[in-house]
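For ligands, and for the atoms within them, numbers begin at 1 and follow the listed sequence.
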Amino acid sequence: MAPGLVGEEKAKKGKLPTDTWWHTIVGTNSREKTGYPTQKPMGVLERIIRASSNPGDLVMDFFAGSGTTGAACLKLGRRFILVDNNHQAIEVMQKRFANEAIEWTKDE
Ligand SMILES: C[S@@+](CC[C@H](N)C(=O)[O-])C[C@H]1O[C@@H](n2cnc3c(N)ncnc32)[C@H](O)[C@@H]1O
């Protein structure tokens, strides 16, 4: 975040990971916005999925909300299972993945 403070040698080594990430929120007028109140930005989910899985792996999100994990998996070539107990989340995900070959199941 302050490139002027880092010498060439240190810059080559890369940034040490920290426990705080800076990322913009999903903007009110963003094309990414689904309308789901707790939606997380794609960039954050992409980063988590890239760091913790390989292409072709199966990723599960038991609190899927608007399905950002699934959208990131589609982009990154991962398979995914999404779970949510809120019907509004399911409706948002159904819209979001309307053009994808997704298998939907419902626990009675
Ligand atoms: C913070 S939101 C997830 C947001 C998601 N990462 C996104 O980008 O939209 C958490 C979700 O967990 C769901 N949830 C909470 N308790 C649950 C439970 N016991 N079983 C399944 N889903 C649950 C809520 O309905 C909510 O959609």
> Ignoring hydrogens and geometry, is there a side-chain-to-backbone donor-acceptor pair from R79 to V59 under 3.5 Å?
Replying inline: no

> Are the charged groups of K95 and E91 less than 4.0 angstrom apart, N to O?
Replying inline: no

Find all protein N or O atoms under 3.5 angstrom from an N or O atom of ligand 1 and list the pairs with distances, or write 'none'.
residue	atom	partner	partner atom	Å
ligand 1	8 (O)	K40	N	2.8
ligand 1	8 (O)	T68	OG1	2.7
ligand 1	9 (O)	S66	N	2.8
ligand 1	9 (O)	S66	OG	2.6
ligand 1	22 (N)	N85	N	3.2
ligand 1	22 (N)	N85	OD1	3.4
ligand 1	25 (O)	D84	OD1	2.7
ligand 1	27 (O)	Y36	OH	2.5
ligand 1	27 (O)	D84	OD1	3.4
ligand 1	27 (O)	D84	OD2	2.7

> Counting only heavy atoms not in E100, do more than 12 sit closer than 6.0 Å to its CD atom?
Replying inline: yes

> Is it the case that T68 and S66 place a side-chain donor and acceptor less than 3.5 Å from each other?
Replying inline: yes

> Is a side-chain N or O of E32 found less than 3.5 angstrom from the main chain of M42, in a donor-acceptor match?
Replying inline: yes

> Passes side-chain contact (heavy atoms from CB on, under 4.5 Å), R78 versus L58? Steps please.
Replying inline: CA-CA 6 Å; R78 273 68 164 172; L58 180 61; over 6 Å; no

